[in-house]
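This report refers to the structure that appears directly beneath it.
Counting from 1, the numbers follow the sequence of the chain as shown. Side chains included, hydrogens not; waters and symmetry mates left out as well; all remaining heavy atoms used.
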Amino acid sequence: MLKSIFHKINRWRFRRNSQRNFLIYCSVFVGFFGGLAAIALKFLVHFMEDVSRRISSHLYYHIAYVFLPALGIFLAVAYQHLINRDKIQKGIGNILINIKKNRSNIRLNNIYSHIFTSSLTVGFGGSAGLEAPIVATGAAIGSNVGKFFKLTPYEKTVLLAAGASAGIAAVFNSPIAGVLFSLEILIGEVTIPTFIPLLIASATGVVVSKLLYSGQLFHLVTEGWVVSAIPFYILLGLLSGYTAIYITKVGGRLEAGIFKKQNRYVRALSGGLILGIIIMLFPALFGEGYHYLQEILNGNIDALKQETLFADWLSQPLLMLLFIGALVLMKIIAAGITLGSGGNGGSFAPTMFTGAFLGLLVAYGVNLTGLVHLNTSNFIAVGMAGALAGVMHAPLTAIFLIAEITGGYVLFIPLMIVASISYIISRLSSPHNIYWQHLVHHNDIHPGQDYGMLNAITLDSIINRNYTAVDKQTTINDFYKILAKTDANIFPVLKEDGRLEGVVLIDDIRRRLFNQEIAESTIADIMIVPPTIIDYDQPASSVMETFDAIDVWQLPVTKDNLFIGFISKSALLSKYREAIISQHKANDLFA
């Protein structure tokens, strides 16, 4: 049935629509289902969080907080192991790997597996965000729509990013931030052919969100900012930059895994119990933490006393200031333990939480002096942008996201000041954001490398099969006769069964070849073993990396261990240039 539907859609697609128009239709489809998936996940997590809080409220000192996170992480790990068979690809880093190395192909199971595992993790109190699972789900929807219609790797990348944009936009009701997130984090470039489908998908996701989930994530009431507060915004920007470095280093180490020598279930329970103890001491770290974030935005700082063991102590302003500082430091530790012990979530929400409480720390601390009065809500909102800009190296996303979700458009100047300072400090510390650091150091994948365009090239189209094979027993005198009949400068030396023994490079042996002393020698005396052999199924990006690494211009290609021809770096570069020109022409929506 699916094949029949596929053929009917393709007939309609090729008869009545251009490929450009079809990509627009696909972006609407991806945006719709990406928005649905995001809202479904939020509903599910909020329901589970409400159940968890009700259970905890009936127990002495909310002791349930010690055990609920361990239960959620344990169930998520069990699902990944027993049902999903470890095929889930967690984190935005894996999306980037698929874009760069796997022609933007993401496994189908990632459409639903993130919804189950992240809802179990965060719904039971895991101190992580849902944005990374939402992005992964939307990206999987876009990738698989592209695979279904057999689109090019570039078009799959656009739809993948469109799904991610729709997910972010649906959760935050922020269409511009959704688009900017995909452009700054996933694609890394801004072009009209890319921008339009992302914008359409993002807008579609917001429409779905408005219809099914009309509430705004945060509400900010502000009268604007004052010039006298600028020095303190600069201070917040500096602190945000160094906090972003702290988040990246501490969070990255913990996310890499804790209790590594233990099996996955022991790791889940151990990490979950440690997390539970932390949450019992700091209840604001439960789940995403957005409930407490909204309370402090409303100016209700006393809400931090709820459920905590230190409620009486926090009546003292200095102790409250220390408690807020502890929340700034502990949120990313709690998030790292959540993910490092096997839970599924992201660092997006913990980063926002940390930045918000950093802004509260600055404003509350300055206000305690009695010398200056700062608008606490403004500093909370701007602090979120500062942390996000520093951690993600995406200042535009941070500025527009916070402006959209808080309605704080009057805060654009403070947002720009804090986000830019934080970004500069974080960038000076590390050239790569939290997502790229691991890929660069452990996977040898770099942002600037255009794997997608290269991998759109098939090796079969550039393999030179017009070669003259020689036997290693052939004498040099007989080889002269072969040279007279061909312009080739490389010759394969083959065995009887077609396997490669070596190659003869004319450029390397030109002077020796016409030396009469070796005229009676054989090919075996002058042939060399090639520095490497290219496999027929090897991605073009890998072939280019090989050429660059060993500094050669021609390499032999084998298929099923049998020699089939040569591939040259010049042919690959020429094909790459053709692919760039063709792609820009094919995807120009206004051509």
Side-chain angles (χ1 to χ4, degrees), residues 100-103 105 147 150 152-153 443-444 451-579:
K100 292 290 186 180
K101 288 285 194 178
N102 197 27
R103 302 166 68 92
N105 292 317
K147 281 196 289 186
K150 301 186 184 303
T152 66
N443 299 79
D444 196 28
Y451 297 92
M453 191 83 72
L454 277 171
N455 286 337
I457 301 170
T458 58
L459 291 192
D460 191 70
S461 64
I462 52 175
I463 294 175
N464 178 14
R465 291 180 168 83
N466 185 23
Y467 60 86
T468 302
V470 294
D471 186 87
K472 68 178 181 179
Q473 301 302 327
T474 303
T475 64
I476 300 302
N477 278 330
D478 290 335
F479 187 50
Y480 291 153
K481 299 174 184 177
I482 296 174
L483 281 177
K485 298 177 182 178
T486 179
D487 295 328
N489 60 2
I490 184 170
F491 297 85
V493 181
L494 304 181
K495 296 181 180 179
E496 292 182 1
D497 58 3
R499 287 185 295 167
L500 185 71
E501 275 196 286
V503 294
V504 177
L505 293 170
I506 299 303
D507 290 341
D508 287 351
I509 62 165
R510 191 178 304 277
R511 292 180 180 178
R512 291 177 53 213
L513 191 61
F514 296 100
N515 186 338
Q516 291 301 319
E517 294 180 2
I518 67 165
E520 298 303 321
S521 301
T522 63
I523 292 295
D525 298 319
I526 61 172
M527 76 176 189
I528 61 170
V529 176
T532 189
I533 296 175
I534 301 299
D535 186 81
Y536 177 78
D537 296 319
Q538 201 168 325
S541 60
S542 174
V543 176
M544 183 60 80
E545 288 176 353
T546 302
F547 275 124
D548 291 339
I550 59 179
D551 193 25
V552 296
W553 281 87
Q554 288 199 85
L555 287 170
V557 184
T558 61
K559 184 177 182 180
D560 299 324
N561 294 322
L562 299 179
F563 175 78
I564 60 172
F566 291 101
I567 187 169
S568 71
K569 187 176 182 179
S570 57
L572 182 56
L573 289 171
S574 176
K575 198 72 175 179
Y576 177 62
R577 179 177 177 275
E578 290 177 14

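The list of ring-ring contact (aromatic ring centres under 6.0 Å, His included) pairs with a residue in residues 529-553, not counting sequence neighbours, is empty.
For K495, the side-chain contact (heavy atoms from CB on, under 4.5 Å) partners are D497, R499, E501, not counting sequence neighbours. Looking at residues two or more places apart in sequence or on another chain, you find no side-chain contact (heavy atoms from CB on, under 4.5 Å) involving V529. Applying the side-chain hydrogen bond (donor to acceptor under 3.5 Å, both in side chains) criterion to S570, with sequence neighbours excluded, gives S568. Annotation: side-chain hydrogen bond (donor to acceptor under 3.5 Å, both in side chains) contacts of T474 (sequence neighbours excluded): none.
Put simply, the side chain of V493 does not reach to within 4.5 Å of the side chain of D471, judged on heavy atoms. You'll find the side chain of L572 reaches within 4.5 Å of the side chain of M544, heavy atoms only. Proximity of I490 to P556: side-chain heavy atoms (C-beta onward) are nowhere separated by under 4.5 Å. Taking 4.5 Å as the limit, every side-chain heavy atom of L505 sits out of range of all side-chain heavy atoms of M527. Contact of the D548 side chain with the K569 side chain is registered, since non-hydrogen atoms from C-beta on lie closer than 4.5 Å. At least one side-chain heavy atom of V543 sits under 4.5 Å from a side-chain heavy atom of L459. With a 4.5 Å cut-off on side-chain heavy atoms, D535 and V557 do not count as touching. Looking at V552 and P531, their side chains come closer than 4.5 Å, going by heavy atoms from C-beta outward.
Taken from CD1 in I533 to OG1 in T546, the straight-line distance is 12.0 Å, to the nearest 0.5 Å. Atom CG of D525 sits about 11.0 Å away from atom NZ of K472, to the nearest 0.5 Å. Summarising the geometry, atom CD1 belonging to I523 is positioned 9.0 Å from atom CG belonging to D478; distances are rounded to the nearest 0.5 Å. Annotation: the span from D487 atom CG to I506 atom CD1 amounts to 11.5 Å, rounded to 0.5 Å.
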Name the atoms and distances for all side-chain donor-acceptor pairs under 3.5 Å in residues 558-565, with sequence neighbours left out.
none

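A side chain to side chain contact (heavy atoms under 4.5 Å, CB included) with F566 is found for exactly one of L555, V503, I534, namely V503.
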>> Before you tell me yes or no, could you show the steps for I567 and Q538 under side-chain contact (heavy atoms from CB on, under 4.5 Å), namely the whole-Å CA-CA distance, both residues' side-chain angles and the distance that decides it to 0.1 Å?
In response: CA-CA 12 Å; I567 187 169; Q538 201 168 325; over 6 Å; no
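Defined by atom type and a distance below 3.5 Å, a donor-acceptor pair is present between the side-chain atoms of N489 and Q554.
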